[in-house]
Every structure is written in structure tokens, then in C-alpha cells.
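Right, one structure below, let's go through it.
Basis for what follows: all heavy atoms, side chains included, without hydrogens, waters or symmetry-related copies. All figures in this text were calculated on a predicted structure; none of them were measured in a lab.
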Amino acid sequence: MIGMEESQALHEAVFVEFERRDPVAAKAAMRRLIERAISDAHDGFKQKNP
């Protein structure tokens, strides 16, 4: 699972691409953020239910 610093970096990447008005890069950054959130959720469930 990621820490706050990595989470902040992923969110910031989305924001930066929106500011740049680059829809392709914003979509890619958002996809990375969502994929990481899904991965962390799966990892969290594994830890809770060994």
C-alpha cells in the first residue's frame, strides 16, 4: 500500500495535467491513480482477511 507522499504525487500529477489542459496526459495520470487505489484496496482486504 502506498504512503501519503506517493498518494500526493499521484493526485498532483492529475492536477498538473488538467492545468496544462492535456486530456491525454490527464487521462493517463487519472488511470494510474485509480489503478493504484484499486490495488491498495485489494491489498487491504488481503491483510484484513488472511
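- Sorted by first then second residue, the salt bridge (charged side-chain N to carboxylate O under 4.0 Å, His left out) pairs that include residues 24-33, not counting sequence neighbours, number zero.
- Taking CG of Asp43 as the start and CD1 of Ile38 as the end, the distance is 12.0 Å to the nearest 0.5 Å.
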Donor-acceptor list for residues 10-21 side chains, cut-off 3.5 Å, not counting sequence neighbours:
| residue | atom | partner | partner atom | Å |
| --- | --- | --- | --- | --- |
| His11 | ND1 | Ser7 | O | 2.8 |
| Glu17 | OE2 | Arg20 | NH1 | 3.3 |

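- Between the CD1 atom in Ile34 and the CZ atom in Arg36 there is a gap of 14.5 Å [rounded to 0.5 Å].
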